[in-house]
Structures are given as structure tokens and as C-alpha cells.
Amino acid sequence: MTHRASAESKSSRPGSPLPAVADTDIDRVRETIITWFETAARPLPWRDADTTAWAVLVSEIMSQQTPVSRVEPRWREWMQKWPTPADLAQAPTAEVLHRWDRLGYPRRALRLQEAARVIAEELDGRVPRTAAELEQLPGIGSYTAAAVASFAHGERTTVLDTNVRRVLIRLFAGRDRPTPSPSRAETKWAAQFVPETEHEKWNAGVMEFGALVCMARNPSCESCPLNDICAWQKAGRPTSAVKAKTQKWAGTDRQLRGAIMDVLKSAHEHSDGEDNVGDVPVDLFTASTAEVDPKLFDSLPSNTSTRVERVRDLSADADRVSRLIDDLVSDGLAAREDSALRLPG
DNA sequence: AACCCGGGGTA
DNA sequence: TACCCAGGGTT
């Protein structure tokens, strides 16, 4: 009980109040989560004791909005190819995007390289140690800064990802899911759970608990070691009336852009060690979508034709394709001089 | 606060 | 189909 109550006013609208939490419950939850984590944690490679801060940072960027199972193989390849910030800083951007593969949100790869350049060129190759400093780097927001500071450097931060938010909201607010984005009040509220010692175990543990027990969809409440104090359980596990709105995908620029990136990466892969690809894929797009010499496909990988057809299927409008390609160039996703669009040879 | 940014697995 | 996933950035 006590004076902890005031972290929340009536500010966070749809979610309503974050309740005061009794000290006994805080102790119970900390102890339970940390104990559970010590036996149930997945053996993720970036949790190994000898993992560098840089490698931890890469794992966190890759994991943004991306399931861990898909990240692991890419992360292993990256860390073998570019073990230090200086290595990634010097890599051709086209190759960086290619090795990002299909993890999604390729801007993350660009920003990771930008961050690598800042670290290599301005910070003497050292990953910043505090969350405040980390957050100054491109592509690193409040979550990633807190996570890297905690997991790589042992700083006592409040790591608040979607898992942590869901676990705490269920346990103490009795709701099934958190609001779309955390308020400052929620971050402050969540901070009270982070213990003085073993804070890395808490941060990693409560995240893991959300991923393996208190999942968004079919949570394992039957085997949950905290279901006796869970406010959501006591309330009968109600579901939110308001459903999160999901973005359209089919037919959007987003889908078309992804298809274009797919072709560019395919062509880049084929261009390794050769010099005959040039900017053919771009010509395929910017030329009339109605008429393309089939011989152009001869110099490309066998599946490029299929990929280009996919782009055509998504848009019969050549201007739209051109515009998206221009956007990709201006966004740096296909830098002309750096070679994703104008392919290396 | 609202919106944009990929892609794949799953119910 | 809709939802979910170790979020961040822009307007």
C-alpha cells in the first residue's frame, strides 16, 4: 500500500486507472517471475554470457515486432558476418538489406547501420552504456534503449515491451490487454516492480513470462504460478470490447513496396561476382508495365520473372510503381549510389 | 494521438 | 480474415 498510488491520474483514457499495488504483491510477483525464469527461460543465443553489447543491440532491433523464432537464424548470420559496429558500418547497404532477408520493416536495417556508423566513428566503437545515451541513436526508442542498457550493461532500467505490459495489466488492472502505446504514467507505474538487485532477471523474466505463459492469445492460466493473485483471472478473464484496428495490407503501397524490395534483393543476390545486372529491375518497373522484352529476364535469376509479375499483379499503374521506387530511393531503402537500386557489379 | 512502416505464423 | 509479434518515427 503506501504512497505509491499517485503514479496515475485520470490521464490514460481507454485503459483507466493503474491501481496501487501492495508491497506484498510486488514481492510475490518479483520472486515468482525470477524463480520461474531461472528454470523456464528459452536458451536464446544473445543471452549467453559472452555476448557483446553490440550483439545484444542487434538482437533487440531485429526483434522489434518480429517473433524471436524468425530472428535467431538471421542474428547468427549477421554476427558472424559483422561482429562489430565497425564491420556493419563499412558494409555495402545493398548487402545489409539483402541479409536482413524477410524480417520485415527494412528501415530497421538502415537505422541499425546508421547506429553502427555513429558508434564506430563517434563513440570509439563502444555501445553506449545508459538508456538515455542509447536512445539518441537512430532506430532506438525507449524500449530498446532500456533493454540494451539492462541486458548488455546491467543498468537498472524499466523494460516495457508488449509482453511486460500485458502481464502487469492482467495481474493488477484485470484487463486482457494494454492500451496501444504506453503512457509516461504506465512506465512510472511499471518501474515499481523492478527490484534493486537482479533487475536483469526481472526485466528478461517478465518479458519471457509474457511470451511463454501469459500470452496474448491462449494464455496458460492453468499452469500459471500467479493465477491466485491475478486480477484478470479473478474477474473472469474478460475481453476488451474495443478491438485494435489493423492496417490494410492487400492492394496497399505497403504491399507493393514489399514486392519491389523483393525483386531488388533477388537481383542483388544474382549480381554477386557479376556485372551484368546493373539496374535492369528498375527498367522493368519504370518501363510500361504492359510491354517488357522477355529477354530481359534471361540475365536475372529464374524466379525474378515471377517476382516482377507479382509486382504487376499488385499494380497495373506504372506511375505508382515509379513513385514507390522514387520513395525507396529517397528513404535510403534503395540508394542509387550505394547500390540496392543500382546494383553492385 | 493518429498514422505509417513488412512479413509470416496461427486460430 | 483478423490478430499477433522483444517498437520507432513522423506529423
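Reminder, nothing fancy here: chain letters follow the sequence lines and each chain counts from 1.
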Regarding A:A216, tell me which of base, sugar-phosphate or nothing describes its non-hydrogen contacts under 4.0 Å with the strands shown.
sugar-phosphate
Atom pair NZ/OG of A:K188 and A:S183 - distance to nearest 0.5 Å
11.5 Å
Once you round it to whole Å, what is the distance between P of C:dC3 and NZ of A:K248?
10 Å
Taking atom P of B:dC4 as reference, at what distance in whole Å does atom CH2 of A:W249 sit?
14 Å
On a heavy-atom basis, the closest approach of A:S220 and A:M215 is OG-CE, 3.9 Å
For the side chain of A:Y105, starting at C-beta, report the closest nucleotide among C:dG9, C:dA2, C:dG7.
C:dG7
Please figure out whether A:P106 or A:S181 has its closest DNA chain B nucleotide nearer the 5' end.
A:S181
Any donor-acceptor pair under 3.5 Å from A:S150 side chain to A:A147 backbone
no
A:G141 near the nucleic acid: base, sugar-phosphate alone, or nothing, with a heavy-atom cut-off under 4.0 Å?
sugar-phosphate
Would you mind reading off the distance between A:M215 atom CE and C:dC4 atom P, rounded to a whole angstrom?
13 Å
Here the distance between atom C1' of B:dG6 and atom CG of A:D327, to the nearest Å, is 16 Å
Contact class for A:I61 (heavy atom, under 4.0 Å): base, sugar-phosphate, or nothing?
nothing
Determine, using the 4.5 Å side-chain heavy-atom cutoff (strictly less than), whether A:L333 and A:V321 are members of one ILVMFWY cluster.
yes
In whole angstroms, the gap separating P of C:dA6 from CG of A:L103 amounts to 13 Å
Starting at CG of A:D161 and ending at P of C:dC4, how long is that distance when rounded to a whole Å?
15 Å
Is a salt bridge present between A:R99 and A:E95, judged by a nitrogen-to-oxygen distance below 4.0 Å?
yes
From CG of A:L324 across to P of B:dC4 the rounded distance in Å is 14 Å
With respect to the phosphate group of C:dG7, does any side-chain polar atom (N or O) of A:R108 fall under 4.0 Å of OP1 or OP2?
no
Determine the interatomic distance between C1' on C:dC5 and the same-named atom on B:dC5; round to the nearest Å.
15 Å
C:dC5, C:dA2, C:dA6: which one has an atom nearest the side-chain heavy atoms of A:Y143?
C:dA6
Any idea which of C:dC5, C:dA6, C:dG8 is nearest the A:S142 side chain?
C:dG8
How would you label the contact of A:L110 with the nucleic acid (heavy atoms, under 4.0 Å): base, sugar-phosphate, or nothing?
nothing
What's the gap between B:dG6 and C:dT10 when it is taken at their P atoms, as a whole Å value?
14 Å
Under 4.0 Å: is that the gap between some side-chain N or O of A:T144 and OP1 or OP2 of C:dG7?
no
Can you identify which nucleotide, out of C:dC5, B:dA11, B:dG8, has its nearest atom closest to the A:R70 side chain?
B:dG8
Determine the Euclidean distance between corresponding P atoms of C:dG8 and B:dG8; express it in Å to zero decimal places.
22 Å
N-O pairing of A:D228 and A:R28 below 4.0 Å
yes
I need the CZ-C1' distance between A:R42 and C:dA6, as an integer number of Å.
9 Å
Closest-nucleotide ordering on DNA chain C, the 5'-leading residue of A:R166 and A:R111
A:R166
Decide yes or no, distance alone: a donor-acceptor N/O pair under 3.5 angstrom between the base of B:dG6 and the side-chain of A:T66.
yes
Which of parallel (below 30°), tilted (30 to 60°) and perpendicular (above 60°) describes A:F172 and A:F193?
parallel
Please determine if a side-chain N or O atom of A:Q64 lies less than 4.0 Å away from the OP1 or OP2 oxygen of C:dG7.
no
Between A:R254 and B:dG7, is there a contact of a side-chain N or O with OP1 or OP2 at under 4.0 Å?
no
Remember a base hit wins even if backbone is also touched, and classify A:R47 as base, sugar-phosphate or nothing at under 4.0 Å, heavy atoms.
base
Just to confirm, is there a sub-4.0 Å distance from OP1 or OP2 of C:dG8 to any side-chain nitrogen or oxygen of A:R107?
no
Regarding A:Q247, tell me which of base, sugar-phosphate or nothing describes its non-hydrogen contacts under 4.0 Å with the strands shown.
base
May I ask you to evaluate whether A:R177 reaches the phosphate of C:dC4, defined as a side-chain N or O under 4.0 Å from OP1 or OP2?
yes
Compare side-chain N and O positions of A:T162 against OP1 and OP2 of C:dC5 and report whether any pair is under 4.0 Å apart.
yes
Pick base, sugar-phosphate or nothing for A:W100, based on heavy-atom distances below 4.0 Å to the nucleic acid.
nothing
